[in-house]
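Both backbone and side-chain heavy atoms feed into the values below; hydrogens, waters and symmetry mates do not.
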Amino acid sequence: AKQAVCSLSWQPKSVEEPSEPLKPDVEQKAKVFLVVGECGDGKSTLINALRDPRKSGEASAGLASRGVTKSIEAYVGLPINGQPIDLLDTPGIGDTDVTPMKVLTLIEQELVNDAIHGTDAIDGVIVTT
């Protein structure tokens, strides 16, 4: 019986660096972060430091015993290591105008709204202290 002889001399082609950075065909989906904490902890101030001023307005911030933020507000953040981010500002826990149950209801409504529009609700939670 004859034996089949197969010789392959395969070598990978060299990879050249592109002269221009590669642009992705599909825009990266933003990661969504919910920012929560007590009244006056600096949630809106943190968001102002992380937001992209070309794409989002300024979050109202300040020290008020009744809190400043009364609903969930969305802001476009500056990319982190090229990853786009969105930030959701929430009313502070302890706000006399917005009960903890109301805050939970607002978060639930945000999650349901995102699910209806086909987005991936919340990717992470930032807790201020």
(request) Rounded to the nearest 0.5 Å, what's the gap from CG on Asn48 to NZ on Lys43? Could you check? (result) 12.5 Å
(message) Would a single hydrophobic cluster contain both Val103 and Val125, if residues Ile, Leu, Val, Met, Phe, Trp and Tyr are joined by side-chain heavy-atom contacts under 4.5 Å?
(response) yes
(request) Give the minimum heavy-atom separation between Ile47 and Ala59, together with the two atoms involved. (result) CG2-CB, 4.2 Å
(message) Using the rule that Ile, Leu, Val, Met, Phe, Trp and Tyr join whenever any side-chain heavy atoms are under 4.5 Å apart, tell me whether Val32 and Ile80 fall into a single cluster.
(response) no
(request) Not counting sequence neighbours, which residues clear side chain to side chain donor-acceptor pair (under 3.5 Å) with Ser71? List them please. (result) Glu73
(message) Tell me whether Val127 shares a hydrophobic cluster with Ile122, the cluster being built from Ile, Leu, Val, Met, Phe, Trp, Tyr side chains joined at under 4.5 Å.
(response) yes
(request) Taking all heavy atoms of Pro79 and all of Gly82, pick out the closest pair and write down the distance. (result) CB-C, 4.1 Å
(request) Say whether, by atom type as modelled, one donor and one acceptor occur between the side chain of Lys29 and the main chain of Pro84 under 3.5 angstrom. (result) no
(request) Measure the CD1-CG distance between Ile107 and Leu34 for me, rounded to the nearest 0.5 Å. (result) 5.0 Å
(message) Check for me, please, whether Ile85 and Ile126 land in the same ILVMFWY cluster - side-chain distances under 4.5 Å, paths through other members count.
(response) yes
(message) Can a donor-acceptor pair be found, under 3.5 Å and without considering hydrogens, that links the side chain of Asp123 to the backbone of Phe33?
(response) no
(request) May I ask you to list the residues sharing a hydrophobic cluster with Val76, side-chain cutoff 4.5 Å, ordered by chain and number? (result) none
(message) Just verifying a value: how many Å separate Leu104 CG and Gln109 CD, rounded to the nearest 0.5 Å?
(response) 11.5 Å
Residues 86-94 side chain polar contacts: donor-acceptor under 3.5 Å, at least two apart:
{"unit_1": "Asp89", "atom_1": "OD2", "unit_2": "Ser44", "atom_2": "OG", "d": "2.5"}
{"unit_1": "Asp89", "atom_1": "OD2", "unit_2": "Thr69", "atom_2": "OG1", "d": "3.4"}
{"unit_1": "Thr90", "atom_1": "OG1", "unit_2": "Val35", "atom_2": "O", "d": "2.6"}

(message) Can a donor-acceptor pair be found, under 3.5 Å and without considering hydrogens, that links the side chain of Ser56 to the backbone of Asp52?
(response) no
